[in-house]
Amino acid sequence: MKMSIKAPKGTRDILPDEIHKWHYVEEKFSEICKRFGYREIRIPVFEHTELFERGVGDTTDIVQKEMYTFFDKGGRSITLRPEGTAGVARSYIENGMASWPQPVKLFYNITAYRYENVQKGRYREFHQLGVELFGSAKPDADVEVISLLYLFLESVGIRGLSLNLNSIGCPSCRAEYNRILKAFIEPKLERLCEDCKNRYQRNPLRILDCKEQGCINELQGIPYLLDHICDDCAEHFEKVKEKLTAMGIPFTVDKKIVRGLDYYNRTVFEFVSKNIGSQGTVCGGGRYDGLIESVGGSPTPGIGFALGIERLLLEMDSQGINVPLPPSPDIFVGVIGDKANLFAENLALKLRAGGITCHKDIMERSVSAQMKYANKLNARFVVIIGDNEVESGKVELKDMSTGETRMINIDTLQDRLKKFKQVNS
RNA sequence: GUGGGUGUAGCUCAGUUGGUUAGAGCGCCAGAUUGUGGCUCUGGAGGCCGUGGGUUCAACUCCCACCAUUCACCCCA
């Protein structure tokens, strides 16, 4: 390799040939969000490290080992955002959104950064589409957010993802459950894996998530949080399920999902695929009623989700979903000779100013080579400008799909192309 | 952090038990066609064979280390 500098591990270029897929899902997402009354927010790529320690939770893997953290030249500890919710919550507080009409409904399209080993569907720089809804603690909010996600996935053509749903209760029922859980695990603790022994101390809930066969065997009959949540939480969850069912949104209750971020409470959910490798979670989210408070605001309920664009695109590929290709250039303007060149340049500029997508030769190649190039560009029409054309004011307009040509006045070229575009759009 | 797979041209890949000057297809450039694309044909550019060390008369080929990449564990989007 001559070029020895490569993109850092876990990052990649999104090249022109695939950018239309990104635009497609990003535009669809924006459109659906707006239809639900959400407005876009843009937040910084980096924040004070403390925001994530408090917001995401310092027992989480993300904070413990996955953050891109550095000191800036002013000696501040700065972290590249590992997700979007904490930053949006910070912005909510900082900009006094509590005094906006409630609820506050936001969406975003961000990059995020986590220092992890790379594998299919997982990168160190990745892209998320997300929604955050602040101010409503009602089941209706949960349902609105989930239905937005559902409609979005449907609108890009995705079928057959499973929506998994769970409730992980509130801090008070979780404290109660932790006692029950610890009592159940305590006698078996010696036989569990190292990770689980750690989890037992730090965050016993996560033991439910363990994939070690030994632990799974050992923990047969483990009590699930869902079976021990308080009456209020249970009622909330029941209403969410009822409404989803009534709206025809299929889901399955999965008592094992706990979500890896500390800020979640009550409803948690994810859309999971079986076809895109072991990182099958296309999007995940949940309610986070304690988050705003834990990063310094007054108590404010909230719920949201984040969707991995890379994984969404993998899933769309695996389902063979066709994304419309970007439109071809309207015309290629070829050139013969120096005198005609300036004329052609002016013509091209006029066409472009008039809204026509136009390529012009800037290689001084042979006509034959220019035609080959125009063909590769998939240009709809070609004109060649030489001394004849400059003198006569007429050009041969060639339709590249049929090969037919037609002599026309240069003055009428722009109108013809515009009309053609209208008819064919 | 741990384990497995893979590193040869821009891309996809051949390369014999180790044996002269490392190949194909696609792509790129030019010409056949001195003012008109697609098909065809001809030619050209493009390689530290991932890097470093070792074995050998001889290494793309065998051995070791490192690096990169990929899949998986963990965890998550």
Side-chain angles (χ1 to χ4, degrees), chain A residues 1-10 12 15 17 56 59-66 81-85 109-130 149 193-196 198-199 203 206 209-213 215 257-261 264 270-273 276-285 304-315 332 334-337 340 361 363 365-389 395-405:
Chain A
M1 300 285 158
K2 251 177 291 179
M3 202 186 70
S4 55
I5 299 177
K6 294 195 224 146
K9 183 195 274 282
R12 29 180 237 167
L15 299 173
D17 279 350
V56 177
T59 67
T60 60
D61 278 13
I62 291 177
V63 170
Q64 282 187 350
K65 54 186 197 192
E66 295 173 2
R81 61 186 175 208
E83 52 101 53
T85 303
N109 175 5
I110 60 169
T111 54
Y113 304 85
R114 293 183 199 169
Y115 191 87
E116 297 182 90
N117 262 348
V118 175
Q119 70 190 76
K120 187 171 188 186
R122 180 161 70 196
Y123 307 96
R124 290 182 173 181
E125 178 184 64
F126 59 103
H127 297 74
Q128 289 187 328
L129 301 171
L149 189 47
C193 69
E194 283 309 307
D195 284 341
C196 281
N198 265 323
R199 292 175 181 131
N203 193 347
R206 303 269 294 284
D209 235 5
C210 188
K211 313 286 192 302
E212 287 284 328
Q213 197 53 48
C215 294
I257 52 175
V258 296
R259 306 264 81 220
L261 290 75
Y264 289 116
E270 53 191 25
F271 277 87
V272 182
S273 162
I276 58 172
S278 72
Q279 304 305 315
T281 306
V282 174
C283 35
F305 67 79
L307 176 151
I309 302 183
E310 286 85 355
R311 290 181 190 178
L312 180 75
L313 258 21
L314 278 176
E315 176 65 16
F332 177 85
V335 181
I336 302 162
D361 174 70
M363 296 283 281
R365 286 195 279 215
S366 71
V367 170
S368 172
Q370 291 185 47
M371 289 302 294
K372 284 181 184 169
Y373 179 63
N375 189 53
K376 283 171 203 159
L377 294 174
N378 202 23
R380 294 307 315 264
F381 293 97
V382 170
V383 291
I384 304 287
I385 306 295
D387 293 346
N388 299 344
E389 284 76 12
V395 288
E396 206 171 30
L397 180 65
K398 179 161 189 171
D399 182 330
M400 293 294 277
S401 58
T402 63
E404 287 162 11
T405 63

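All heavy atoms count here, side chains included; hydrogens, waters and symmetry mates do not. Numbered from 1 within each chain, the chains take letters A, B, ... in sequence-line order.
Residue A/A374 is out of contact with every strand shown, counting any heavy-atom pair closer than 4.0 Å. When heavy atoms are screened at a 4.0 angstrom cut-off, A/G334 is found touching no nucleic acid atom at all. Counting non-hydrogen atoms under 4.0 angstrom, A/S366 reaches the backbone sugars and phosphates but no base. At a threshold of 4.0 angstrom between heavy atoms, the contacts of A/E310 with the nucleic acid are absent. Backbone-only engagement by A/V282 is indicated by non-hydrogen atom pairs under 4.0 Å involving sugar-phosphate atoms exclusively. Using a 4.0 Å heavy-atom cutoff across all strands shown, A/G121 reaches at least one base atom of the nucleic acid. Counting non-hydrogen atoms under 4.0 angstrom, A/R365 reaches the backbone sugars and phosphates but no base. Nucleic acid contact class of A/F305 (heavy atoms, under 4.0 Å, all strands): none. A/E315 comes within 4.0 angstrom of nothing in the nucleic acid, heavy atoms only.
OP1 or OP2 of B/A72 sits under 4.0 Å from a side-chain N or O of A/Q119. Listed pair A/K372 / B/C39 fails the phosphate criterion, with no side-chain N or O lying under 4.0 Å from OP1 or OP2.
If you measure from atom CG of A/L15 to atom P of B/G10, you get 15 Å, rounded to the nearest angstrom. A/K9 places its NZ atom 12 Å from the C1' atom of B/C71, with the value rounded to the nearest Å. The distance from atom CG of A/N388 to atom P of B/U34 is 15 Å, rounded to the nearest whole Å.
Counting atom types as modelled, A/K398 pairs a side-chain N or O with a base atom of B/G37 as donor and acceptor under 3.5 Å. Counting distance only, with no hydrogens placed and no angle test, the side-chain atoms of A/Q279 and the base atoms of B/A72 include no donor-acceptor pair under 3.5 Å. With hydrogens and angles left out, the side chain of A/E66 and the base of B/C74 share no donor-acceptor pair within 3.5 Å. In this model, no side-chain donor or acceptor of A/Q370 finds a partner on the base of B/G35 within 3.5 Å.
B/A32 and B/C39 have their C1' atoms separated by 14 Å, with the value rounded to a whole Å. Comparing the P positions of B/G44 and B/G1 gives a spacing of 49 Å, expressed to the nearest Å. Spacing between B/U20 and B/U36 at atom P, rounded to whole Å, works out to 48 Å. Atom P of B/G19 sits at a distance of 28 Å from the matching atom of B/C26, rounded to the whole Å. Rounded to a whole angstrom, the distance from the P atom of B/C62 to that of B/G15 is 12 Å.
Aromatic stacking of A/Y373 on B/G37: not satisfied for centres closer than 5.5 Å together with planes under 30 degrees.
Of all nucleotides present, only B/G5 satisfies the Watson-Crick or G-U wobble test against B/U69, with each distance under 3.5 Å.
Along RNA chain B, the nucleotide closest to A/N117 and the one closest to A/M400 are compared, and the more 5′ of them pairs with A/N117. Along RNA chain B, the nucleotide nearest A/D387 and the nucleotide nearest A/G10 are compared for position; the residue whose nucleotide lies closer to the 5' end is A/D387.
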